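Keep in mind that what you see is a predicted model, and the values were worked out from it rather than measured.
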Amino acid sequence: MSLVELGGYSYPEAHIIVGRLESEGIPAIAFDAGTHMAEGSFRLIPVRVMVDEDDLELARRLLKEWSAI
């Protein structure tokens with residue numbers, strides 16, 4: 001199992017994506033969620049959504065599908 005970055009998002013958006021991926025059976029985690037507000041850096045540091053490299057293509061397809069809705 002090797003984690004790869006799906007993308008960088010705002011704090012709320014990252015957690016919505018993680019929840020939706022997990023509801024589809026894809027384990028995901030939000031990295032840097034605690035540092036996005038450190039030292040006044042709100043919105044400057046994206047929260048990275050990470051998935052297993054084997055799930056990356058499916059996760060990308062789902063994001064594309066969701067954004068088309």
Side-chain donor-acceptor contacts of residues 16-25 below 3.5 Å, not counting sequence neighbours, with atom names and distances?
residue : atom : partner : partner atom : Å
S23     : OG   : R20     : O            : 2.7

Rounded at 0.5 Å granularity, tell me how far CG in L3 sits from CG in L56. 11.0 Å
Determine all donor-acceptor pairs shorter than 3.5 Å in which one atom belongs to a side chain in residues 60-69; sequence neighbours excluded.
residue : atom : partner : partner atom : Å
R60     : NH1  : E57     : OE2          : 3.1
S67     : OG   : L63     : O            : 3.3
S67     : OG   : K64     : O            : 2.9

Sorted by chain and residue number, the side-chain contact (heavy atoms from CB on, under 4.5 Å) partners of D54 (sequence neighbours excluded) come out as D52
With rounding to the nearest 0.5 Å, note down the distance linking CG in L6 to CZ in R48. 12.0 Å
Check whether any side-chain heavy atom of D55 lies under 4.5 Å from a side-chain heavy atom of P27, and answer yes or no. yes
Using the rule given for side-chain contact (heavy atoms from CB on, under 4.5 Å), can you reason through V47 versus Y11, listing the C-alpha separation, both sets of side-chain angles and the distance that settles it, and then say yes or no? CA-CA 6 Å; V47 177; Y11 181 88; 4.3 Å; yes
